[in-house]
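Below is one structure, written out as structure tokens; comments come after it.
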Amino acid sequence: MSDTLTPVLTANWGTDKSWTLKAYRAAGGYAAVGKALKQTPAEVTGIVKDSGLRGRGGAGFPTGMKWSFVPQDNPNPKYLVVNADESEPGTCKDIPLLLASPHTLIEGMIISAYAINCHTAFVYIRGEVLHVHRRMQQAVAEAYAAGLLGADILGSGYDLDIIVHAGAGAYICGEETALLDSLEGMRGQPRLRPPFPAVAGLYASPTVINNVESIASVPAIINNGAAWFAGMGTEKSNGMTIYSLSGHVARPGQIEAPMGITLRQLLELTGGVREGHKLKFWTPGGSSTPILTAEHLDVPLDYEGMAGAGTMLGTKALQIFDETTSVVRTTLRWNEFYKHESCGKCTPCREGTWWLVQLLRDFEAGRAVEGDIEKLLDMCDNIGGRSFCALADGAVACVTSAVRYFRSEFEAGYTTPAWELFPYERSALFPVRTKQLVTSGEGADA
Amino acid sequence: MSVQTKAEQTPVPVETITVTIDGIEIEVPKGTLAIRAAEMIGIAIPRFCDHPLLDPAGMCRQCLVEVPDMGNGRGMPKPQTSCTMECAPGMKINTQLTSPVAEKAQRGMLEFLLINHPLDCPICDKGGECPLQNQSLANGDGESRYEGVKRTFPKPVPISAQILLDRERCIMCARCTRFSEQISGDPFIALVERGALQQVGQYAKKPYDSYFSGNVVQICPVGALTSTSYRFVSRPFDLVSTDSTCEHCAGGCQLRVDTRHGVVRRRLAGDAPQVNEEWNCDKGRFAFVSARGEDRLTQPLIREDGELRVASWREAIDAAVAGLAAAGSSVGVLVGGRTPMEDAYGYAKFARAVLGTNNVDFRSRPIGAGEAEFLATRVAGRTVADGVTYGELEAARRVFLVCFEPEDESPLIFLRLRKAVRKKGLQVTAVAPYLSTGSRKLNATLVATLPGTEADAVAGLELGAGDVVLVGERAALAAGTLAAVADSGARFAWIPRRAGDRGAIEAGCLPGLLPGGRPVADATARVDVGAHWGVDSLPGADGLDAVAMLAAAASGQLDALVIGGVELADFADAPAARDAVEKAGFVVSLENRISEVTERADVVFPVAVIEERSGTFLDWEHRPGRVNTVVDLPRAPMTDLRVLAALADALGRPLGVRMASQALAELTELGAWDRPATAKTAAAKQRRAAKAQFPKGERVRLATWRELLDAGRGQDNEAALAATARKPVARVGTELAASLGATDGDLVTVAGPGGSRALPVVVCPEMVGATVWVPTNAPGLSLGDLRVVHGDEVALRLGGGE
Amino acid sequence: MSGHEFQSWFPASGTIDMSDTATNIDETTLAELRQLVARYPQPRSALLPMLHLVQSVDGRISPAGIEACAQILGITTAQVSGVATFYTMYRRRPGGKHHIGVCTTALCAVMGGDAQLDDVSDKLGIEVNETTPDGRFSLERVECNAACDFAPVMTVNWEFMDNMTPEKAEQLLDDLAEDREVTSTRGARITSWREAERVLAGFPDGRADEGPSAGEASLLGTSIAAANGWTAPAPEEAK
């Protein structure tokens, strides 16, 4: 039984100049590369498979298995692409990791690339985080200078180049095939599958796309062994992971713990919901995962636990909202996000999010009419599972779960504006001096 | 044009699988998309983005179906887009007919598509033939639950002079942008913006000037894309549609021609999987109004006191017969390669059986030595079963282009090659002076070749039996090239420019060839044909080719000319051609518009334009394409054939045929020459203007071809189309540009013995040696007037003045 | 005018601003654009960084920038335009020296982001997507910036300004207005939007070593673990 919290990825975040090669090495960094390069790629893949590491970007697909899907007899180059387009509302774990310890990712990339016989790897970082780019660019340069990247890494005969790439503002590029299109210099719109990226991804070549945290977990697995990793967490959700606590809590932040910790435990450790308030609803893994309520405080925060509660672990982005919060308002604002970020490729997402926002604005303003809840749910039914990618599924997930748990608040939208039921200034962290707090959305102009 | 129910044309594959759709078991080729499989049993799944000739997209999500069993006993948890899903063995698919889930998904999708779609169907050109309208009726709800304000944009946006975009009607199926990228390779339109604001756009400074832009109007499933020429012109249900074959080049495109009130309103690409698939070029689509100007001839004219005056048919026939009777067999017959085969046959028979001369030639263009022999031995008498076809191009491993630029000269060959390059790894090699825009889009390899020396380049290609050579008619001007191609060991096809060229050969419009490829020189052939025609004997003497006829007429060696469908500017030496017709003793002209010939003729007979007649065009594959009478007027204009028949009657030697159907029957009955072709044809002598006075400037080699959109008279009166043409330029290599001191955009003057023209220069790094490329027939620049052809020397200097 | 013209909700959409053709793109810029192309296995992959560079040079996606990218990559200007109008970080017209972002996605909005945006808008005297007349500030409503544990969040030239309050925002804008040195809560000293864009294009500005390794919230778990003596298991424990 491991400790309640298990800092591994976050362990060095507080050290002096933790982002530098010197500091990373001082903390034992790059030992795993040496170890991995002495083994065969298949052996490395095997260790990661045995560890039970599952994708930390939301879908939870077993990482080692993903690697083994790369057809090694394909004559094209193999590519590794790290998805650092962290944009899912609530999700804020990869950015601090890259700021504090970019070398953890680089070390993980070297090992992972080696495992799939890749010689060119990319980090696709969302554009809106300038300092992350600086740290990552510098770390890659340091690694080249130290012989950790480039030709013949550490005398192993293995070559790897890493390219740090900036996105330019598009949530959809977190979807792996949209990311590939974006990385190819195109509009970031998802691709048809099949072919799957493992077979025909970047430049139509075999490609593995992994989340930052997944790849960053690899060095520790190599250093400490598959069993060490599998020893943490629950039966099917192995290892430690970073939970991101935000919202109406006493102390928001990043907490690294074994898989399966509960929200109750996390809140207890961090001082709970903000003083004088109580939990109303929360997301387990970003806005695309159906919301939960206080009745789910003791459900293990792992893949199976969350699935059992009718939601998903997602990115473990725990957004906490207290009783001052209007669920209608929050749902609307999330949907404004999805509408803004819809790539436009498919009908249900493009037109559906446009319409959902209009309907939710009616609920917020108390001008919805009898039957609008049924209409709202029916629209969700016509969008969910009908769209090209999962973006629209996320958009409807927050609506349907909100109605499931707080139907009466939507019914109130037939008569009363949300800001009357839940004066918005009460939800703010500071005294609000402005007029009416309805800055919702960008009007009709998308 | 419906694109919704056609199964993909694929060769019968070996492997088939069995799937069950709506409880009906069906065997389909492996790899068949579910939506196509459903079509095969008559189940129409609604769709918008799906198009059988475009890559699957899955964007509109309209074609969702339920898959209770993927073939492995497990069902798909969500409805699937049938346009992207390949059938798997044992798969069960339930469409909207049997699955409430699919039915609701489709209904929901239509509701989404309509929330931002204007209700302007009554004023929309697409109304009545609109897939969105039709499928909304068939698969949608009667009423929308949407109560918001619809998305609107300023409208319309001209994305080119020819194509207009009404963005609020667009449903983002991306057929147009995918067409421009995948099919024609002109991605000057693209999806721009994103989300609910996503729209089709272009870069403001770069209009969507594509030779194939009209196709996007045809495949748009709503009224978002319209053409300048048809916008607000007609309602679809007021149109009468007729299938026909395009008259603009030898590509053989099948067309659907729509008329209202007896006037052609638009032309669409026909559905001809073996030929043009479902595409055509903008010339074929939009250039159909050339004869709507004031120069249309409707009455016979005769020359009196040096002036042409309107005459009755009887007067005109009498006048023509008087002139022809006086000339006897000292007549030359020039037919321009623009008429259907049946009319060409009329000219051939008129020359040989009525006038008693072999002076008949369809080549109203530069003629090369050895060309007639090549055509007689390598082209005439062939059928579609013998030759290279579009399908063969698609399946070929390597295709070589010799003196042939498919994008400009036979656009549907270009599209087919591009398809094969994209989908089947075809390698294209261009024997050309530089890598043209079209060749680039084919990823072609350049064999940089000095104009005129193509024969050597072909000899160096190391061609094999699996290779295909496409050789353009220009090759005749580069000595030995046609022969080099013929002897290369590769499969090859000769690509003429005009729709009537190939048929004219079969009809007997080369001086040395009787119908069906029979050599005049062969006495048996003459007897054969003579017997068929019911004449005692046919002339055996060598006939003159077109250029020789003109020269003979100018010098008085020929007494009369009969000319149909000829533009004098097309000849290598246009001034000489004009001079010849001017000086000819007697000229009978059959024409539908006033031309340089009619202006110089003694008798002019008005004849029908293409939509008023029927007949056959043989395309470059030797494939017959039916020309149907589209506009059936109560008093139908005369065809060339009927005029010739009337003249023959009046001359007392009846032609025997007066309708296209009779001519075709007679020609078919005659059949092809079944003996080995003997290559005895009079070699064309080079009769070119003396170049004593060579103009000043650097002497360089001339490379040239006709661009698709140029000053050709068939494109007249369609300003929007003309506005999409490429701007005429002179292309030179880096070294030549440096020696001239010219940079991009500077004017340079190209001069030949007949004159000069100034054009802005484009420096083209891979241009071979001391060569300049200019278009053959740009507005204000007909190379015939400069008296030069491809491969000649011209003078080139910096600057535009004299 | 017939009086029946369609009213457009999106009058200026679909393109960058073509009316302003000014450009600073010179041979140096073109050389740097080519340098970006050389970093990738296939040229077109460089397009996003190239457009970042165009912005840093021209202050926006300029017509000349679109044309230069198209020319260098051998693609059409329409294709470049399609990309430039897809991503929200690309500006259609010149903005201020400083780009001020206020996050108003659900969580930040609820916790005060909406009020923050109102305040900033009032203080600067401009609406969202506008630029102050003195050319110093542009204001944008930004979507979730992956700093939810520091909510409500603002950004200046895409540097984090965490845990914002009205007072902090006021001070921040005053400092920037007076050209006083401002440091990001988790980043470097603030430069300018154009300099930031140059870094995003892939040309470092040497400021990577500025700022802390992590913000307080980022260290929440490690500090609790340290206080409790909790660690990850040692490798041998698992055996």
Side-chain angles (χ1 to χ4, degrees), chain A residues 2-8 10 13-14 18-19 86 89-92 95-96 100 120 127-128 130-131 133-135 137-138 163 166 168-170 183-185 187 203 224-225 227-228 231 244 246-247 251-256 269 319 325 330 333-334 337 427-430 432 434 437 439 444, chain C residues 9 39 41-42 44-49 52 82-83 86-90 105-107 109-112 114-115 117-119 143-149 151 158-159 165-166 184 186-188 196 199-200 204 207-208 211 213-214 217-222 224-225 230-233 235 238-239:
Chain A
S2 43
D3 290 345
T4 310
L5 300 187
T6 50
V8 176
T10 55
W13 287 10
S18 61
W19 63 87
E86 184 166 62
T91 309
C92 49
I95 296 302
T120 309
E128 302 97 322
L130 175 62
H131 209 53
H133 286 269
R134 291 195 182 105
R135 293 259 164 99
Q137 287 166 355
Q138 176 167 300
I163 297 166
L183 188 50
E184 289 184 8
R187 298 158 59 75
Y203 313 134
N224 301 313
W228 166 83
S244 308
S246 63
R251 292 173 72 195
Q254 308 301 317
I255 310 152
E256 194 172 9
L269 286 173
Q319 305 175 86
T325 316
T330 316
R333 301 307 288 268
W334 276 327
F337 169 83
S427 302
L429 293 195
F430 44 75
V432 171
T434 31
L437 250 187
T439 35
Chain C
W9 284 19
R39 293 181 185 179
Q42 291 191 8
R44 189 167 170 175
S45 278
L47 183 53
L48 266 59
H52 280 302
V83 171
F86 183 85
Y87 297 95
T88 50
M89 288 180 78
Y90 297 133
T105 307
L107 186 124
V110 165
M111 294 175 72
D114 280 353
L117 183 64
D118 273 356
D119 284 356
E143 296 295 357
C144 184
N145 219 39
C148 314
D149 46 346
W158 304 119
E159 295 263 29
T165 62
S184 156
R186 278 187 292 154
V199 176
L200 295 178
R207 289 168 184 260
S213 58
S218 307
L219 299 173
L220 175 66
T222 49
I224 296 170
W230 291 333
T231 61
K239 282 170 193 161

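Order of the sequence lines sets the chain letters (A, B, ...), proteins ahead of strands, with each chain counted from 1. Every value quoted in this text rests on a predicted model; they were computed, and no experiment measured them.
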Would you say the side-chain atoms of [X] pair up with the backbone N or O of [Y], donor to acceptor, closer than 3.5 Å?
X	Y	result
A/W228	C/P233	yes
A/N224	C/P235	no
A/Q137	C/V199	yes
C/Y90	C/L48	yes

So which of [options] has the biggest tally of heavy-atom pairs under 4.5 Å with chain C?
options	result
A/E86, A/Q138, A/H133, A/Q319	A/Q138
A/P96, A/G90, A/S244	A/G90
A/G225, A/A100, A/C92	A/C92

With side chains defined as the heavy atoms from C-beta onward, is the minimum distance between [X] and [Y] less than 4.5 Å?
X	Y	result
C/E143	A/E128	no
A/W13	C/T222	no
A/Y203	A/L183	no

For [X], which atoms come within 4.5 Å of any heavy atom of chain C: side chain, backbone, both, or neither?
X	value
A/L429	both
A/S18	both
A/T4	both
A/W19	side chain
A/I163	side chain

Interatomic spacing from [atom1] in [X] to [atom2] in [Y] - rounded to 0.5 Å:
X	Y	atom1	atom2	result
A/E256	A/T6	CD	OG1	5.5 Å
C/L219	A/I255	CG	CD1	12.0 Å
A/H131	A/I95	NE2	CD1	12.0 Å

Find the one option among [options] whose heavy-atom pairs under 4.5 Å with chain A are most numerous.
options	answer
C/P166, C/G211, C/S184, C/A196	C/P166
C/L47, C/T165, C/T105, C/L200	C/L200
C/A214, C/G82, C/A46	C/G82
C/A151, C/A208, C/G221, C/A217	C/A208

Measure distances from [X] to the heavy atoms of chain A and classify the residue's part below 4.5 Å as side chain, backbone, both or neither.
X	value
C/A109	both
C/A188	both
C/R207	both

